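Heads up, the thing below is written out as structure tokens.
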Number of protein chains: 2
Amino acid sequence: MRPDDEPFIALVDKTARVMRNDMLANAHRAGYAEIAPAHNAVFATLPPEGARSADMAARAGITRQSMGEVVRDMVRLGILEMVPDPSDRRAKIVTYTDYGTKVAQAGLDHIVALDRKLRDELGDDYDAARRVLARVREMLTP
Amino acid sequence: MRPDDEPFIALVDKTARVMRNDMLANAHRAGYAEIAPAHNAVFATLPPEGARSADMAARAGITRQSMGEVVRDMVRLGILEMVPDPSDRRAKIVTYTDYGTKVAQAGLDHIVALDRKLRDELGDDYDAARRVLARVREMLTP
DNA sequence: CTGATAACGTAAGGTTGCCTGTCGAAATAA
DNA sequence: TTATTTCGACAGGCAACCTTACGTTATCAG
């Protein structure tokens with residue numbers, strides 16, 4: 001950081017914000033106006049084959065209760081389904097509906113397109129940035 | 001992004017989170033237990049010589065009302081002071097108290113130390129990361 | 001087999017950090 | 001002067017989390 005340079009934390013924080021806004025704006029542009037910021041915790045942790053909401057909560061770093069609420073909201077919106085887990089009667093398997101699969105795919109396409117664009121334009125810098133971010137996370141994770 | 005790599009947005013988002021947590025933890029370790037996440041909007045936008053809360057709100061990207069609430073909270077905590085602006089009787093100038101200056105300095109020291117550590121350890125990668133983050137922000141800022 | 005313990009989803013209620021709408025007072029423009 | 005804008009503040013609301021506490025089901029030690 002040189003004098004008058006923005007601190008790294010400010011750079012990372014603002015970039016994270018515009019990326020989140022961009023993801024949300026993309027979903028809305030694609031016609032999925034009901035998508036809310038909190039839904040990201042699901043899209044980021046629910047694989048196509050489905051998962052338990054408790055596992056998703058652990059991966060997202062939020063409580064089971066919070067994940068449960070988001071999942072119920074998305075069920076109401078027709079994005080997710082919950083079916084009983086045949087191998088464990090306490091549990092339910094969360095999966096995408098056909099509609100939800102389209103929403104998730106639109107988001108993933110957007111992510112992949114951005115990553116490719118960054119790699120094409122910035123080349124080695126992009127890889128360096130990935131290393132730095134990973135290293136910072138490692139350094140500061142308690 | 002290679003297959004099975006974490007998307008860039010996930011990397012940036014998680015790094016931003018651990019950095020924010022680290023800043024907060026540092027303040028608490030330094031004995032400033034009353035510091036809350038929302039206070040960051042003030043520390044990031046209030047220069048040592050003081051400013052108007054409306055200007056700070058604009059820089060932080062939040063509403064005047066929200067900034068006003070945070071500022072009042074920090075006045076209550078003895079971190080900030082508000083004095084009437086002699087040149088505009090509608091306005092008040094927000095400044096740090098002596099105590100608040102210490103809190104802000106502790107945060108700034110921590111930021112500077114981390115930036116230096118990153119530069120020392122990662123060298124050119126660090127500069128590359130800064131370029132990439134700035135570029136992403138520029139690309140996605142509407 | 002039985003009893004303790006743990007894990008599943010859920011309900012109820014609280015906290016934080018923002019928001020919109022509105023206001024009176026003061027500054028500025030027409 | 002009058003109209004408009006800008007200042008901080010108040011009231012109320014909302015999203016996205018949290019903690020505490022259930023009842024149900026699974027698992028494991030004895």
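Given the structure is predicted, the values throughout are model-derived calculations rather than measurements. Just so it is clear: chains get the letters A, B, ... in the order the sequence lines come, proteins before strands, and each one is counted from 1. The figures that follow rest on heavy atoms only: side chains count, while hydrogens, waters and symmetry mates do not.
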Let me know the distance between [atom1] of [X] and [atom2] of [N], rounded to the nearest Å.
{"X": "A:Asp73", "N": "D:dC14", "atom1": "CG", "atom2": "C1'", "result": "13 Å"}
{"X": "B:Met67", "N": "D:dC7", "atom1": "CE", "atom2": "P", "result": "13 Å"}
{"X": "A:Glu69", "N": "D:dC17", "atom1": "CD", "atom2": "C1'", "result": "8 Å"}
{"X": "B:Arg52", "N": "D:dT6", "atom1": "CZ", "atom2": "P", "result": "12 Å"}
{"X": "A:Asp55", "N": "C:dA7", "atom1": "CG", "atom2": "P", "result": "12 Å"}
{"X": "B:Ile62", "N": "D:dG8", "atom1": "CD1", "atom2": "P", "result": "12 Å"}
{"X": "A:Arg72", "N": "D:dC17", "atom1": "CZ", "atom2": "C1'", "result": "14 Å"}
{"X": "A:Arg76", "N": "D:dA15", "atom1": "CZ", "atom2": "P", "result": "10 Å"}

Candidate nucleotides [options], ranked by approach to the side chain of [X] - the nearest:
{"X": "A:Pro37", "options": "D:dC10, D:dA16, D:dC7", "result": "D:dA16"}
{"X": "B:Ala54", "options": "C:dC19, D:dC18, D:dG8", "result": "D:dG8"}
{"X": "A:Arg64", "options": "D:dC18, C:dT10, C:dT20", "result": "C:dT10"}
{"X": "B:Ser53", "options": "D:dG8, C:dG21, C:dA11", "result": "D:dG8"}
{"X": "A:Ala38", "options": "D:dC17, C:dC18, C:dG17", "result": "D:dC17"}

Under 4.0 angstrom between A:Arg89 side-chain N/O and D:dA26 OP1 or OP2
yes
For D:dC18, does either OP1 or OP2 sit under 4.0 Å from a side-chain N or O belonging to A:Ser66?
yes
Answer yes or no: is there an ion pair linking A:Arg135 with B:Asp125, defined by an N-O contact shorter than 4.0 Å?
no
Are the charged groups of B:Asp124 and B:Arg119 less than 4.0 angstrom apart, N to O?
no
Please find the pair of heavy atoms, one from B:Ala51 and one from B:Leu46, that lie closest to each other, and give the distance.
N-CD1, 3.5 Å
Starting at the 5' end of DNA chain D, which residue's closest nucleotide do you reach first, A:Ala36 or B:Lys92?
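Its nearest nucleotide lies further toward 5', so the answer is B:Lys92.
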Side-chain donor/acceptor of A:Gln65 to base of D:dT20, under 3.5 Å
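Checked by distance alone, the answer is yes.
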Distance-only donor-acceptor test, B:Arg90 side-chain atoms vs D:dT6 base atoms, 3.5 Å:
yes
Distance-only, no hydrogens or angles: does the B:Thr101 side chain make a donor-acceptor pair with backbone N or O of B:Thr97 under 3.5 Å?
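Yes; at least one donor-acceptor contact below 3.5 Å.
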Is it true that the side chains of A:Asp120 and A:Tyr126 contain a donor and an acceptor less than 3.5 Å apart?
no
Can you work out whether B:Ser87 or B:Ala41 has the more 5'-proximal nearest nucleotide on DNA chain C?
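It is B:Ala41 whose nearest nucleotide is closer to the 5' end.
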